[in-house]
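Let me begin by presenting the structure, written as structure tokens, before commenting on it.
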Amino acid sequence: MSFYKVPSPKDDARAVFEVLKRGGIGIIPMSVGYGMTAIDPDALDRIFRTKRREPHKRYAMVGSYLLHREIHFLPPQEAAIVKLLTVDLDLPIGVVAPYHLDHPIIQKLPPNILAQSVFKGTLAMLVNGGALLDELSRLATLEKLPLMGSSANITGRGVKIVVEDIEPEILKVADIIIDYGRQKLHHPRASSTMINFRTMKVVRYGACYDVVQDALWRFYGIKLPDDPGLSTLSSGETSANRI
């Protein structure tokens, strides 16, 4: 007999969304590990404090390929690369790109939250993070609400691929937790591979990085560096992610 509710991404996304609209915090499954998400600025601040975030760390927008097309703007080749990776190859990617400041969703971000979310004129968005994330993003987009988030772990302790590994203080701050069991993409690391598509530089080495690296070289002749490995760069984050 199962002790867990069978996953239902649409129903579960709706349940999470209702909590977030009331100012709550959700812990949700992503294909690259468990994340925390919120809409309310005070809830986002609680996430930041609980995670013990360092000043250079930023929120990312929880999005979709369609929302990326609305909010980000890129030259044709870079836009085509995002489509190749997220739509054609079905990979989760943290897309870092210039954004439209006048987009209604961006306009709803308080100045302090926007300042903690942008870096040199770019905004990070997780695209293609799984069925629940896609539906949650769709619901938020329909209501023009900014859905922001981060990984569900204390900063520096690694993204968790099962709820049981999430630190108690992180679990305690959540108003709803959706447990889909072990998440599937965690090689060479859990967390999304993140690329700055304005500069074509790696911001973070993450899940499926070897596939991303191969695709960019194979189809566009763009050579990304090899992942230096966990022993050299445990977090996967490069200097491109710092102020």
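Nothing fancy with the numbering, it's 1 onward along the sequence.
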Would the distance check show the side chain of T37 and the main-chain N or O of M148 forming a donor-acceptor pair, the cut-off being under 3.5 Å?
yes
Judged by atom type as modelled, is there a donor-acceptor pair below 3.5 Å linking the side chain of K21 to the main-chain atoms of D40?
no
Between Q213 and D226, is any side-chain donor less than 3.5 angstrom from a side-chain acceptor?
yes
Indicate yes or no for a side-chain donor-acceptor contact from Q183 to the backbone of G181 under 3.5 Å, with no hydrogens or angles considered.
yes
Would you say M200 and L216 make side-chain contact, with heavy atoms under 4.5 Å?
yes
Take V127 and S64 through the test side-chain contact (heavy atoms from CB on, under 4.5 Å) and record every step on the way to the result.
CA-CA 5 Å; V127 176; S64 65; 5.7 Å; no
Considering non-hydrogen atoms only, spot the tightest contact between A43 and G23 and give its length.
CB-O, 3.5 Å
Heavy atoms only: give me the nearest A215-L89 pair and the separation to one decimal.
CB-CD1, 3.7 Å
From I28 CD1 over to L147 CG, what is the distance, rounded to the nearest 0.5 angstrom?
7.0 Å
Minimal non-hydrogen separation, V159 against G33, with atom names
CG1-CA, 3.9 Å
So OH of Y59 and CG of D45: to nearest 0.5 Å the spacing works out to 5.0 Å
Side-chain donor/acceptor of D12 to backbone N/O of S8, under 3.5 Å:
yes
Less than 4.5 Å apart, any side-chain heavy atom of F119 and any of N196?
no
To the nearest 0.5 angstrom, please state how far the CD1 atom of I47 sits from the CD1 atom of I27.
8.5 Å
Can any side-chain N or O of K201 pair as donor or acceptor with the backbone N or O of I195 at less than 3.5 Å?
no
Are the side chains of E135 and P9 in contact, using a 4.5 Å heavy-atom criterion?
no
Quick one: does S151's side chain get under 4.5 Å of K51's, heavy atoms only?
yes
How close do A79 and L74 get, heavy atom to heavy atom, and via which atoms?
N-CB, 4.0 Å
If we ignore hydrogens and angles and just use 3.5 Å, is the side chain of H100 paired with the main-chain N or O of D102 as donor and acceptor?
no
Check whether Y205 reaches the backbone of G229 with its side chain - one donor and one acceptor, N or O, closer than 3.5 Å.
no
Answer with yes or no whether the hydrophobic clustering places L109 together with V95; edges join I, L, V, M, F, W, Y residues whose side-chain heavy atoms lie under 4.5 Å apart.
yes
Answer yes or no: is there a donor N or O on one side and an acceptor on the other, between the side chain of T50 and the main chain of I170, under 3.5 Å?
no
Going by atom types alone, do T122 and R198 pair a side-chain donor with an acceptor below 3.5 Å?
no
Do the side chain of H103 and the main chain of H72 share a donor and acceptor less than 3.5 angstrom apart?
no
V163 versus Y34: any side-chain heavy-atom pair under 4.5 Å?
yes
Before giving the answer on salt bridge (charged side-chain N to carboxylate O under 4.0 Å, His left out), spell out for K160 and E167 the whole-Å C-alpha distance, their side-chain angles and the decisive distance to 0.1 Å.
CA-CA 9 Å; K160 312 306 182 187; E167 294 90 349; 3.6 Å; yes
